[in-house]
Every structure is written in C-alpha cells, then in structure tokens.
Amino acid sequence: MFDIKNVDIMVSTRYLIKNLNLTLNRGDKCAIIGEEGNGKSTLLKSLLGVCDYATVSGSINFNNCKVGYLKQNLRETEDTFVKSYLFKDEKDYYDKINFFYKLLSELFIDEEILEQRISTLSGGELVKVSLLKLLLEEPDILFLDEPTNDLDIESLEWLEKFINSTDKPVLYVSHDETLLSNTANMILHLEQLKKKMECKHTVITSGYDEYIDYRLRDLDNQTRIAKNERRELKKREEKLNRVMQSVEYQQNNISRKDPHGAKVLKMKMHSLKAQEAKLEKEILTDVPDPEESIYFKFADVTLPSSKEILNFNIKELSIGEKVLAKNVDILVKGSEHVAIIGKNGVGKTSLMRLIYKELIKRDDIKIGYMPQNYQEIVSLYETPLDFVASTSLEDKTEVRKYLGNMKFTREEMHGKISDLSNGSIAKLFLTKFVHDMCNVLLLDEPTRNVSPLSNPVIREELSNFNGCIISITHDRKFLESVATSVYELTCTGLKRIK
C-alpha cells in the first residue's frame, strides 16, 4: 500500500536518514523509535511533503491511498468549537453520526465536549478529539506522531486495541513502552552516532521487546569482539616492540668488522617497521556507544520518614467557573513516591500547579518542578547551560559534564533551548534536579517525551531517589517501578488505590 525507496532526509548540513527503504502492507504496525532529535517527526512530515526545513530525495509512493496524519503539536490547531473542528457542516455531521457516536463511546468522550472551544481542552482531551477527527475521515493509512501523549490509561488501552484490530497500515512514533510492546510488529530505529555526525537506521520485522533483546545481544557481541580485537592487537604490538628493541640493541652493539651482520639487522628492522605501520592501520570493530547510554545520578539526599512534605486540602478544584473536583485531600510524608492518575480533563495538571505554588514557599525543602508545559519555566532561559548552571565558571564546567552524560553535544549545550526536542528538554530538567540537589520532585508526565530507550534508565534512577516524588503519570511502567503509592483524581476527590 505504501513504499519508499532510497530516501534521504537532510536538515541543514546533517543527514537524518540515508538510503531508507520501507514497505508497509495491510496489518503492518511499524513503530519509529530513537532518541530525541533524531528525526522521527521530521520523517513523518517529510514523507507527507509538509516539512519546510528538510531536504528530501528518493521515491515515495502512497499508491493513491489516503493518509490520516496525527501531528505532534496539536496546540497549533485553530481555536474553534470542537464540533466545527470535527465536521465541515451539519450535513457532514449527520452523514457520520452513527460512526461518530460509536467512536465517542470507545474514546470515553462526553458529548458536551462538542460545544467547547479547542483552547479549553486538556492535553488528553485534545489528543482524543484529534484522533476522533482523524478516524472520521476514514483514511487508508495512519501516520501517528506520539498519539499516546497525555492520554489517560483507559484511552491508552483503547488505542492499543484499535492499533491491533485495524487492518490499515500504521506508522507511528510513541514513547509508551507498554503500547510499543503490545502493538508493534515492525520497528524502524533511527540513530545519530559519533556525536550526531553519522546517521544509521534499522528496519526489522519484529515486536518491540524482541527487537530490544536482539539489539542488546548484538551490542554485547560487538563489544566482546571489539575488546578481544584490541586485546589481541595490544599483545601483537608488545611482542613487536620487544623484538624491535632487541634488534635495535644488536644494531647499537654490532662490530664494525661485521658489515654483513649490520646489513641483515637493518633489513630486519625495516621489515619490523613495516609490520608496525601495518598494525597502526589495522581496522578494528568499533566499540559501540549506543545513544541510550545516558547517565545521571541523584545526590544522596535524605528526608525523615515523619517529615510532612505536603498536607493539602481544598474544597473545590476549578478552572474559571468550571468545578473539576471537590474535597481534594492528600498527605505526603518523607520519601514517598506518589503518583496521581485520572481521566483526561479531571484537573491533574491544575492540581500539580497548586501543589507547586504551595511548596515553593518552603525553605526547608529543595523543590524540582517539571511542568507539563515546559515553556512555563524554560522560556526564561536562552541556553541549556544557562538553565542548569549558576554564573560561576567552575559551575559551568561541572554542568557541561552533567549535560555530556545526558548526551548533549557541545553545540546543544550552548545553543537555544527553543531548538531542542521536548525529550531533550525533559532530560534538561532532570540534569537541573541533579545539579540543584533537589530532595522533592514535582513531575507532571515526566516520561511522556523521552525515548523508550532512555526511559528505563530514568525510571531506575527515580526509583532509587531517596527524596520525595509527587508525580502525574499515565506511564504504566512508571506506576509499577517508581510509585510507592498511587492516587486517582476524580470529580469527588483523591482516592488512594495503591
């Protein structure tokens, strides 16, 4: 149904993709994975011809199929009423009414949302409305750019079932490892190696978990071969050096009365130097440096188990005149790792903002806050280095090391934050929390923009964090491995469910 041949994609002077060949047929569910900034969104836009900053060459053939595209930045959508966004006119509405109400039910969307403006929707509601519009258009092929962003758990489970049940080819980007594990039957992995100077891609017909296992085995095998080659080369070099030293000693001590012996030694040394030159030019298997090998470690902060971090109670949680929830009550002590879940639009992000305003006043704890909308904070800074470091030269040197461990290049450290992907900005926040030695972290969807290859590292470090975490998340692996207690926010308040 869809095939591309010998496709190159270049941004500025850097290749994101070289010589990509890919064919999608009915039933193919191809997940695009890779680190932040590697070109996943750019690839989707380039294939559709809507990317104005990339140079694209090669053959792209949709075979007259209609493509449905869910873009990543949905806030760019025109601010109109939801009904006007979904339907051209009343005739269009009535023509699709049966299909429409079926989808409303499956996506857990209330009919009253039709009378709301796009700008009033929560992040999850906007994703669901955009999915609804896409499916109402009944495309032949689906391009989905991070469809899981902001979706509540019920909607994530519906999306999984939909991807699995549709016979339409699906090419999608997602950071949700559970969804990837449960849906993908093809993987397109985009990489940028050697400090982002060399691109690589892997296309494989495989499930996500199988691909990760294969990749780890391959990396381990390549590492073993590379180390063995270097060990053997070192032995050969040492042996050659010993022989050369012996010949050099003989040359220095040979009698002038033995010109034939001197000539033999000279020829031998010439041969040995040729062997040395050959060893220096020997091509060895590269020691792999996978992109996902980020590294960060929180300071060994401690909080007494009896220390009250948050004692929060409000009668009403509201946006404007709209009451979202009543009697919201939560008590958090010591080094608890709290996760808050809830349906889209129930007010989780509004609650987190109120918690932040409450805790930032305190001087007995050090707060690290990652908002859902990163621009609330990072827009005050120009470069990643400015965001993390103080003004001292010594501190900036230390921060460069931290950022390097998070796989930021020197150009990215000194470049504009506005040029970074959302996943890179999420890593920037984590770097600042480490640098500032925070002991209380407020995290609104901390893993939603980060590559599934880096997320296991981040979850492990957050799990081992000795301070307090209060988070909002729909990441099912995060809930399993990081959260020590889970609360669900509903219209009647917060209820502890774990």
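Numbers here simply count residues along the sequence, with the first being 1.
Distance check: L151 CG to I153 CD1 gives 11.0 Å after rounding to the nearest 0.5 Å. Distance OH/Y172 to CD1/I32: 10.0 Å, rounded to 0.5 Å. Once rounded to the nearest 0.5 Å, the distance linking CD1 of I340 with CG of L443 reads 11.0 Å. Here the straight-line distance linking atom CD1 of I470 with atom CG of L310 works out to 4.5 Å at 0.5 Å rounding. A distance of 10.5 Å separates CD in E282 from CZ in R230, rounded to the nearest 0.5 Å. Once rounded to the nearest 0.5 Å, the distance linking CG of L303 with CD1 of I309 reads 4.5 Å.
Under the 3.5 Å distance criterion, the side-chain polar atoms of S130 are matched with a main-chain donor or acceptor of L126. Using a distance-only test at 3.5 Å, with no hydrogens or angles considered, no donor-acceptor pair links the side chain of N6 to the main chain of G58. With N439 contributing its side chain and I365 its backbone, the two residues share no donor-acceptor pair below 3.5 Å. The backbone N or O of W158 lies less than 3.5 Å from no partner atom in the side chain of E106, so there is not a single donor-acceptor pair.
In summary, D386 and K396 engage in a salt bridge, as defined by a charged side-chain N under 4.0 Å from a carboxylate O. Ionic pairing of R117 and D79 is present here: one or more N-O contacts between side-chain nitrogen and carboxylate oxygen are shorter than 4.0 angstrom. Salt-bridge check for K133 with E137: passed, with a basic side-chain N closer than 4.0 Å to an acidic carboxylate O. Taking the charged nitrogens against the carboxylate oxygens, R459 and E177 do have a contact shorter than 4.0 Å, which makes a salt bridge. By the 4.0 Å N-to-carboxylate-O rule, R448 lies too far from D475 to be salt-bridged with it. A salt bridge links K128 with D152; the closest basic N to acidic carboxylate O contact falls under 4.0 Å. In this structure, E460 does not pair ionically with K297, as no charged nitrogen and carboxylate oxygen lie closer than 4.0 Å. Electrostatic pairing of R476 and D176 counts as a salt bridge here, judged by a charged N lying under 4.0 Å from a carboxylate O. Comment: E36 does not engage K407 in a salt bridge, judged by the lack of any side-chain N to carboxylate O separation of less than 4.0 angstrom.
What you find for C30 and L22 is that their closest heavy atoms are SG-CD1, 4.5 Å. When every heavy atom of I472 is checked against every heavy atom of K348, the shortest pair comes out as CD1-O, 2.9 Å. The two residues L324 and S350 have their closest heavy-atom pair at CD1-OG, 4.4 Å. The two residues S463 and S481 have their closest heavy-atom pair at OG-O, 3.1 Å. Closest approach of M1 to C65, counting heavy atoms only: CE-SG, 3.7 Å. Across all their heavy atoms, L462 and H337 have their closest contact at O-CE1, 3.1 Å.
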Trace of the side chain to side chain contact (heavy atoms under 4.5 Å, CB included) decision for R362 with L359: CA-CA 6 Å; R362 305 249 303 261; L359 295 186; 3.8 Å; yes
Derivation and outcome, side chain to side chain contact (heavy atoms under 4.5 Å, CB included), residues V301 and F465: CA-CA 8 Å; V301 299; F465 179 60; 3.8 Å; yes
Criterion side chain to side chain donor-acceptor pair (under 3.5 Å) on D444 and T349, from CA distance to verdict: CA-CA 7 Å; D444 194 344; T349 291; 2.8 Å; yes
Trace of the salt bridge (charged side-chain N to carboxylate O under 4.0 Å, His left out) decision for E237 with K234: CA-CA 5 Å; E237 287 174 338; K234 186 177 180 181; over 6 Å; no
Derivation and outcome, side chain to side chain contact (heavy atoms under 4.5 Å, CB included), residues V338 and I469: CA-CA 6 Å; V338 175; I469 298 175; over 6 Å; no
R224 and N228: CA distance, side-chain angles, deciding distance, side chain to side chain contact (heavy atoms under 4.5 Å, CB included) verdict: CA-CA 6 Å; R224 179 178 53 79; N228 285 342; 3.8 Å; yes
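Side chains of N164 and T183: a donor-acceptor N/O pair is absent below 3.5 angstrom, by distance only. Donor-acceptor pairing under 3.5 Å is recorded for the side chains of S485 and E336. In summary, the side chains of H435 and Y402 do not present any donor paired with an acceptor at a separation below 3.5 Å, with no hydrogens or angles considered. Q116 and T120 share a side-chain donor-acceptor pair at under 3.5 Å. S421 and S424 are linked by a side-chain donor-acceptor pair at a separation below 3.5 angstrom, with hydrogens and angles left out of the test. Looking at D300 and N466, their side chains do bring a donor and an acceptor atom within 3.5 Å of each other.
Annotation: side chain of Y15 is not in contact with side chain of I9 (no heavy-atom distance under 4.5 Å). I377 is listed as a side-chain neighbour of P371, based on a closest heavy-atom distance under 4.5 Å. At a threshold of 4.5 Å between non-hydrogen side-chain atoms, the residues I113 and L121 count as touching. Under the 4.5 Å side-chain criterion, counting only non-hydrogen atoms from C-beta, L494 is in contact with L351. Using a 4.5 Å heavy-atom threshold, the side chains of K477 and N455 count as separate. The closest side-chain heavy-atom distance from I458 to P446 is not below 4.5 Å. Contact of the L47 side chain with the F2 side chain is registered, since non-hydrogen atoms from C-beta on lie closer than 4.5 Å. Side-chain contact check for T383 versus M413: every heavy-atom pair is 4.5 Å or farther apart.
Taking the centre of each ring, F143 and Y69 stay at or above the 6.0 Å mark. Here the two rings, on F429 and Y374, have centers that are under 6.0 Å apart.
Residue K416 places its NZ atom among 12 or fewer non-hydrogen atoms of other residues, nucleotides or ligands, all under 6.0 Å distant. Taking a 6.0 Å sphere around CD of E382, one finds it holds 12 or fewer heavy atoms contributed by other residues, nucleotides or ligands. With a 6.0 Å radius and a threshold of 12 heavy atoms from other residues, nucleotides or ligands, F108 has its CZ atom above the threshold. Counted within 6.0 Å of CG on N64, heavy atoms from surrounding residues, nucleotides or ligands total 12 or fewer; the atom is thus considered open. Other residues, nucleotides and ligands contribute more than 12 heavy atoms inside 6.0 Å of the NZ atom of K66.
V173 pairs with exactly one of D145, L43, N149, I33 by the side chain to side chain contact (heavy atoms under 4.5 Å, CB included) rule, that one being D145. Each of Q192, E191, K427 was scored for a side chain to side chain contact (heavy atoms under 4.5 Å, CB included) with E35, with one residue passing: K427. A ring-ring contact (aromatic ring centres under 6.0 Å, His included) with F387 holds for exactly one of F408, Y381, F433; it is Y381. No option in E125, E488, E154 other than E154 meets the salt bridge (Lys or Arg N to Asp or Glu O under 4.0 Å) test with K343.
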